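All values derive from a computational prediction rather than experimental measurement.
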Amino acid sequence: RWQHPEHGLVAPDRFIPLAESTGLIQPLTVWVVGEAVRQCAVLHQKGMFLTMAVNVSTINLKDPELPRKIAALLTAQRLHPKWLEIEITESAVMDDTHATVRVLQELDSMGTRLAIDDYGTGYSSLANIKKLPLDDIKIDKSFVLRMSDNRDDETIVRSTIEMGHGLGLRVVAEGVENQATWDRLSVLGCDASQGYFMSRPLPAEKLLQWLVESRWGWAASTAPPE
């Protein structure tokens with residue numbers, strides 16, 4: 001989200017396509033990753049050892065210098081690569097070019113985590129998923145939102161969880177907005193969730209408060225830093 005001084009809060013679907021078509025997506029992505037890494041380092045200094053996830057464009061994955069740029073940003077903040085997760089779309093998975101695969105492999109060899117975002121909205125095959133060094137798979141919210149009332153959507157969610165676990169991936173559900181959905185995902189064995197049920201998007205300064213005060217925050221976490 002972009003908090004514009006004149007136009008207010010601008011959603012990503014409005015400005016990201018423009019950035020991609022004009023070439024501005026390259027420096028924009030570097031800036032976003034840099035800010036994410038910096039904020040992650042601040043959280044670690046406060047004893048909150050959390051991973052920061054950043055979406056990148058398919059266009060970014062065609063840049064052979066992307067791993068080097070990300071490595072430099074991590075080094076500048078003295079942050080281990082394992083605390084950064086790069087999220088890619090299914091279209092990036094389907095873009096079976098040597099350049100894209102090589103960039104993902106380099107990011108993996110650095111130690112950064114990799115995830116497929118919005119899974120289920122594209123047409124990626126198991127063959128493509130298997131050959132990429134992925135850590136997480138995120139189920140698109142369009143299935144999660146309706147799973148309590150739609151048997152087909154729940155079947156898709158359950159099947160994706162089973163497939164992900166079969167491939168050794170952590171599965172994250174997007175779009176969790178109520179207790180019933182949270183409870184059902186727990187029964188199905190989903191590893192993690194995100195959505196308005198836990199919190200709406202927050203600026204960094206309010207996130208710190210949420211981590212301290214919310215029942216979902218850092219105080220509720222039992223996972224020790226590795």
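- Using a 4.5 Å heavy-atom threshold, the side chains of Arg158 and Thr155 count as touching.
- A heavy-atom distance below 4.5 Å is not found between the side chains of Glu87 and Val54.
- Taking Pro5 as the reference, nothing meets the side-chain contact (heavy atoms from CB on, under 4.5 Å) condition, with sequence neighbours excluded.
- Using a 4.5 Å heavy-atom cutoff, the side chains of Leu185 and Val144 are in contact.
- Of all the heavy atoms in Leu169 and Asp136, the pair that sits closest is CD2-N, 4.5 Å.
- Legend: residues meeting side-chain hydrogen bond (donor to acceptor under 3.5 Å, both in side chains) with His165, ordered by chain and number and at least two apart, are Asp191.
- Contact detail for Gly164 and Val171: the closest heavy-atom pair is CA-CG2, 4.0 Å.
- Between Leu74 and Met110 there is a side-chain heavy-atom pair separated by less than 4.5 Å.
- Within the model, atoms CD of Gln194 and NZ of Lys141 stand 9.5 Å from one another, a figure rounded to the nearest 0.5 Å.
- Expressed to the nearest 0.5 Å, how far CD of Gln26 lies from CD of Glu65 amounts to 10.5 Å.
- One hydrophobic cluster holds both Tyr119 and Val157 under the rule that ILVMFWY side chains link at heavy-atom gaps under 4.5 Å.
- Note that CG of Leu66 and CD1 of Ile59 are 12.5 Å apart. Values are rounded to the nearest 0.5 Å.
- Thr112 places a side-chain N or O within 3.5 Å of a backbone atom of Leu107 that can act as its donor or acceptor partner.
- Looking at residues two or more places apart in sequence or on another chain, you find a side-chain contact (heavy atoms from CB on, under 4.5 Å) between Asp140 and Asp118, Thr121, Ser142, Phe143, Glu174.
- Across all non-hydrogen atoms, the minimal contact from Arg14 to Leu18 is O-CD1, 3.7 Å.
- Inter-residue side-chain proximity for Thr58 and Glu20 is flagged as unmet; no heavy-atom pair is nearer than 4.5 Å.
- Heavy atoms only, all atoms of each residue included: Leu145 and Gly175 are closest at CD2-O, 3.3 Å.
- A continuous path of Ile, Leu, Val, Met, Phe, Trp and Tyr side chains, each step under 4.5 Å between heavy atoms, connects Ile16 with Val10, placing both in one hydrophobic cluster.
- Nearest heavy-atom pair, Ala19 versus Leu28, reported as atom, atom and distance to 0.1 Å: CB-CD2, 4.2 Å.
- Here the CZ-OG1 distance, from Arg146 to Thr181, works out to 12.0 Å after rounding to the nearest 0.5 Å.
- Of all the heavy atoms in Asn60 and Ile25, the pair that sits closest is ND2-O, 3.6 Å.
- Expressed to the nearest 0.5 Å, how far CD1 of Ile88 lies from CG of Leu61 amounts to 6.0 Å.
- Linking ILVMFWY residues whenever their side-chain heavy atoms come closer than 4.5 Å, directly or via other members, leaves Val176 and Tyr196 in distinct clusters.
- A 4.5 Å side-chain heavy-atom check between Met163 and Ile137 finds at least one atom pair inside the cut-off.
- Listed by chain and number, the residues in a ring pair (Phe, Tyr, Trp, His ring centres under 6.0 Å) with His7 are His4 (sequence neighbours excluded).
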Output a table of donor-acceptor pairs, distance under 3.5 Å, between side-chain atoms of residues 31-51 and any protein atom two or more places apart or on a different chain; print 'none' if there are none.
{"unit_1": "Glu35", "atom_1": "OE1", "unit_2": "Arg38", "atom_2": "NH2", "d": "2.9"}
{"unit_1": "Glu35", "atom_1": "OE2", "unit_2": "Arg38", "atom_2": "NE", "d": "3.3"}
{"unit_1": "His44", "atom_1": "NE2", "unit_2": "Leu50", "atom_2": "O", "d": "3.1"}

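- By the 30° and 60° cut-offs, the orientation of the rings of Trp182 relative to Phe197 is tilted.
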What verdict does the side chain to side chain contact (heavy atoms under 4.5 Å, CB included) test give for Asp63 and Lys69, after you've listed the backbone C-alpha separation in whole Å, the side-chain angles of each residue and the deciding distance to 0.1 Å? CA-CA 10 Å; Asp63 178 10; Lys69 295 173 183 175; 2.8 Å; yes

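- Note: Asp135 CG to Ile86 CD1 = 11.5 Å, rounded to the nearest 0.5 Å.
- Under the rule for a side-chain contact (heavy atoms from CB on, under 4.5 Å), Ala72 has no partner lying at least two apart in sequence or in another chain.
- Taking the side chain as every heavy atom from C-beta outward, Met147 and Leu188 approach each other to under 4.5 Å.
- Transitive grouping of hydrophobic side chains (ILVMFWY, heavy atoms separated by less than 4.5 Å) keeps Val172 and Leu132 in distinct clusters.
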